[in-house]
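Residue numbers run from 1 in the order of the sequence given. This structure is a prediction, so every number in the text was calculated from the model and none was measured. Both ligands and their constituent atoms are indexed starting at 1 by order of listing.
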Amino acid sequence: VKRAIHWFRRDLRVADNTSLSEAVQRAEEVVPVFIIEEALRTGPDVGAARLAFLFKSLEVLRENLATLGYPLVVRRGRSIDLLPKLCQELGVEAVFANRRYEPYAQARDNRLFNELNALGVGFEVFKDAVAWEEREILTRTGNPFTVFTPYAKVWRTKTPAPPRPGIPKVRRAIQEFRSDSRPLDPGEFGYSPKQSIPPAGEAAALAILKSFLAGPVFSYATQRDIPAESGTSKLSPHLRCGTIGIRTIYAALREAQAGSRPEQQRNCDVWLNELIWREFYLQILDNFPHVMKGAFRPEYDNLEWGGSDEWFQAWCSGMTGYPIVDAAMRCLNSTGWMHNRLRMIVAMFLTKDLLISWRRGERYFMQQLVDGDMAANNGGWQWSAGTGTDAAPYFRIFNPMSQGEKFDPSGAFVRRWVPELESLPDVTIHQPWNASPGTVPGNYPKRAVIHEEQRPKCLAMFKAVKPPSVAR
Ligand SMILES: Cc1cc2nc3c(=O)[nH]c(=O)nc-3n(C[C@H](O)[C@H](O)[C@H](O)COP(=O)(O)OP(=O)(O)OC[C@H]3O[C@@H](n4cnc5c(N)ncnc54)[C@H](O)[C@@H]3O)c2cc1C
């Protein structure tokens, strides 16, 4: 191939990038391209934090590519329209990209494959974001797994590929093609970022991985559930944008594990389990694309959610009167990130206490999260709501008070985000309605609902759903 495009999507890095390294090996000249999709302006699931992180990552990528002699071409519009034209304008023979797993992205790639082929341009996609794709880990009968534990068991019997080698500097200067302006600020797209964004780009991601594997990973099993501690890696926005390669992570984890004591190895194993959850939900999305449109178990699309808009607003703004829920939502609104334990607590609370559809929470999360990812978010919401593949059964309902007491025993996390409750003693910090009269300031709301009263209503709501009748 004389000239090829590497189309960057969710792989904004130079190192350990399958498609980019294939393109560089197989084409005499590679033009790196990023398309700022129109959907970023109009999509209902887009948010300021994620856009800001994406634009920052793109800027770092442009600098890294420039150092190696590759000028990044940025174009704005719809890839489905732009890419065929760009191929003709640049005179390329092939387009290389890393595979995406969202149903809409797959449909677009299939269309592009046909359109580019009709122009005589090849379009090749590569496995890159996961160790194992949707047909690579199957049950004995050849079906996809819908339960995590047996899936993870098989996953662990296989060894992921090593990282791909980095690309060398260009030997001959590459022609510079026209590039549209790069947006540096989501404000240009009509979003006003409220959140401060974590450091973006490849070097930042590698630094996070290195420092996490040098210490915190060895106590991950005990620290990962305490929101007031930073016991988790915070790599999720980087995995979302692809500013770090998954093979790089697996190799570095194996190395850290090799030199560690048995107890430390066990902690590393617990972290690996979380990375496997990520792959589990990606294969669910790919094998069961209907989860994007509704419940994995379709009978649960008939649930009659009874919660009010007012309660939804209270949940979004961290004003439900339940301190651990409010602290978590305020943290999300101002940082774009939320601890996994808290994601489960607020998702259960929205669906099982406020009786509001998980789909509203799912969308709100996508709009706020810096790491908003269709597969993990949908999986996490359906798990919490009890409508999903490997879901908590619907009758398992978190009690927000005991969750708070167990995972934030000193109330440190609540005090950080709900300053109104700062002076409450530990015994009532998670249930201010039991505090001594006059100690809870008037600007902290009363409980929107009473947990003990909502529980039977939730159980009745689920029981009322009958499995779909068989068509005759
Ligand atoms: C309701 C709900 C919504 C969620 N939405 C998202 C989302 O939009 N994007 C997202 O990346 N994660 C989501 N998660 C999963 C999880 O909460 C985050 O991945 C995690 O909190 C990110 O923090 P970390 O990078 O410090 O994780 P670590 O604990 O360090 O884990 C390492 C990596 O493993 C992956 N991972 C960890 N837990 C899970 C999980 N339960 N499911 C899938 N992958 C996991 C992530 O890529 C994470 O970066 C959601 C969970 C729930 C319950």
N/O separation below 3.5 Å, Tyr281 to ligand 1: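 No, there is no polar N/O contact under 3.5 Å.
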Any N/O pair Gly380/ligand 1 closer than 3.5 Å: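 For ligand 1, there is no N or O atom that lies under 3.5 Å from one belonging to Gly380.
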Aromatic Phe312 / basic Arg360 pairing, under 6.0 angstrom, 45° off normal: yes
[X]: numbered ligand 1 atoms lying under 4.0 Å from its heavy atoms:
X      : answer
Leu239 : 47 (O), 49 (O)
Lys234 : 24 (P), 25 (O), 26 (O)
Leu235 : 25 (O), 49 (O)

Near-ring test [Y]/[X], centroid separation under 6.0 angstrom:
X      : Y      : value
Phe189 : Phe55  : yes
Phe349 : Trp315 : no
Tyr394 : Trp358 : no
His430 : Tyr322 : no

Could you check whether any heavy atom of [X] sits closer than 4.0 Å to an atom of ligand 1, since that is the contact criterion I want to use?
X      : value
Met344 : yes
Arg224 : no
Gly372 : yes

Other residues, nucleotides, ligands: >12 heavy atoms within 6.0 Å of Arg111 CZ: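 Atom CZ in Arg111 is not packed in, count stays at 12 or less.
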No-hydrogen, no-angle side-chain donor-acceptor test under 3.5 Å, Gln257 and Asp269: yes
side-chain contact (heavy atoms from CB on, under 4.5 Å) between Met344 and Gln403, intermediate numbers included: CA-CA 10 Å; Met344 294 192 284; Gln403 286 286 316; over 6 Å; no
Look at [atom] and say which protein heavy atom is nearest, naming residue and atom and giving the distance to 0.1 Å.
atom                    : answer
atom 5 (N) of ligand 1  : Asn377 OD1, 3.1 Å
atom 31 (O) of ligand 1 : Trp271 NE1, 3.4 Å
atom 36 (N) of ligand 1 : Glu274 O, 3.4 Å
atom 23 (O) of ligand 1 : Trp337 CZ2, 3.3 Å
atom 9 (N) of ligand 1  : Asp371 O, 2.9 Å
atom 41 (N) of ligand 1 : Asn340 OD1, 4.0 Å
atom 19 (O) of ligand 1 : Ser236 CB, 4.3 Å
atom 13 (C) of ligand 1 : Arg343 NH1, 3.3 Å

Part of Tyr220 within contact of ligand 1 (heavy atoms, under 4.0 Å):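 Near ligand 1, Tyr220 shows its side chain, while the N, CA, C and O stay back.
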Mode of Thr232 contact toward ligand 1 - side chain, backbone, both, neither (heavy atoms, under 4.0 Å):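 The answer is both.
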Set of residues satisfying salt bridge (Lys or Arg N to Asp or Glu O under 4.0 Å) with respect to Arg247, sequence neighbours excluded: Asp16, Asp128
Audit row: Glu136, Gln283, side-chain hydrogen bond (donor to acceptor under 3.5 Å, both in side chains) steps and yes/no: CA-CA 9 Å; Glu136 292 184 306; Gln283 66 87 23; over 6 Å; no
Where Asp371 and Pro237 come nearest, the two heavy atoms and their spacing: CB-N, 3.6 Å
